[in-house]
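Quick caveat, the model's predicted, so the values are computed rather than measured. Whatever order the structure lists ligands and atoms in, that order sets their numbers, starting from 1.
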Amino acid sequence: MEDGHPTMLELLLEAHIGLERQGPGSPETVRRALAFLGPPERFQKIADLGCGTGGQTLLLAQALPGEIVGLDLFPAMAEKLNERARARGFGDRVRGVAGDMGDLPFERQSFDLIWSEGAVDNIGLEAGLRHWRDFLRPGGCVAVSCPCWLTPERPEAVARFWAEAGSPLDAVETNVGILRGCGYRFVAAFALTEDCWTEHYFAPRERAIQAMLEKYPESAEMQTYAALNRDEVALYRQFGRHYGYVFFIGRLDGTPA
Ligand SMILES: C[S@@+](CC[C@H](N)C(=O)[O-])C[C@H]1O[C@@H](n2cnc3c(N)ncnc32)[C@H](O)[C@@H]1O
């Protein structure tokens with residue numbers, strides 16, 4: 001807090017900590033990505049990087065029998081995942097930890113699957129895929145979503161928004177090339193559907209923002225934060241067919257354990 005007013009970072013956290021997800025995605029998307037990976041029994045040790053409050057982590061726990069560690073830069077997010085995992089009866093095999101996906105605090109070659117939704121662009125797809133490779137066992141898989149261009153037409157307003165957010169967009173084929181260049185076999189890529197943005201992310205976030213506008217009526221930061229979020233929604237409404245999150249699935253050569 002500064003002079004009794006929350007900072008932008010505090011507002012960002014407060015708006016997101018109570019949400020099921022902190023970015024576009026859905027249960028259907030998790031199922032679709034999992035379907036490319038093969039038998040669930042293969043995945044005994046899983047990392048979910050940039051897990052947020054763990055919406056997708058808990059879906060993975062339902063679908064896969066293994067142990068899952070969710071990692072997030074914000075300790076409050078990792079703790080929220082721990083709370084939710086305990087409440088859902090997954091406390092014995094799902095745990096949230098605070099850490100940096102660009103400098104993983106894990107043993108090398110210890111995971112069968114590295115999952116990451118809407119988070120890798122914080123360190124860059126290539127840097128993430130290159131770093132994470134060493135933490136997969138032979139035959140291990142990566143499933144990662146990141147924002148991409150979906151059409152050859154690239155509206156300037158969209159390019160500016162993502163560049164200013166620190167995540168300049170690339171084409172899907174460029175990212176497939178990056179995945180291959182980092183040593184993975186390309187398995188599949190698919191774009192998230194519109195409801196992943198609207199129903200599963202923007203709508204609950206807007207409800208949280210409405211409540212926060214009432215809670216912080218005097219805060220200029222809150223007004224700015226709400227306006228920025230609403231600009232993002234307006235951009236998606238206008239240009240959403242040109243860009244979106246794409247799930248990329250890759251596999252390392254080698255026989256799974
Ligand atoms: C857009 S949210 C997505 C959260 C969740 N995966 C989802 O799809 O709902 C991105 C998450 O990545 C986390 N994050 C950002 N940079 C990170 C880093 N370097 N290491 C670990 N987590 C990071 C943020 O704290 C945030 O929870």
Neighbour list for ligand 1 [protein residues, heavy atom under 4.0 Å]: R21, Q22, G23, G50, C51, G52, Q56, L71, D72, L73, F74, G99, D100, M101, E117, G118, A119, N122, I123
Main-chain N/O of P24 paired with H200 side-chain donor or acceptor, under 3.5 Å: no
Distance, nearest 0.5 Å, that separates CG of L59 from CD of E20: 7.0 Å
Basic-acidic side-chain contact under 4.0 Å: E14, K215: yes
Beyond-backbone contact of L37 with L64, side-chain heavy atoms, under 4.5 angstrom: no
Over 12 non-hydrogen atoms of neighbours within 6.0 angstrom of CD in Q210: yes
Y245 and W197 aromatic centres sub-6.0 Å: yes
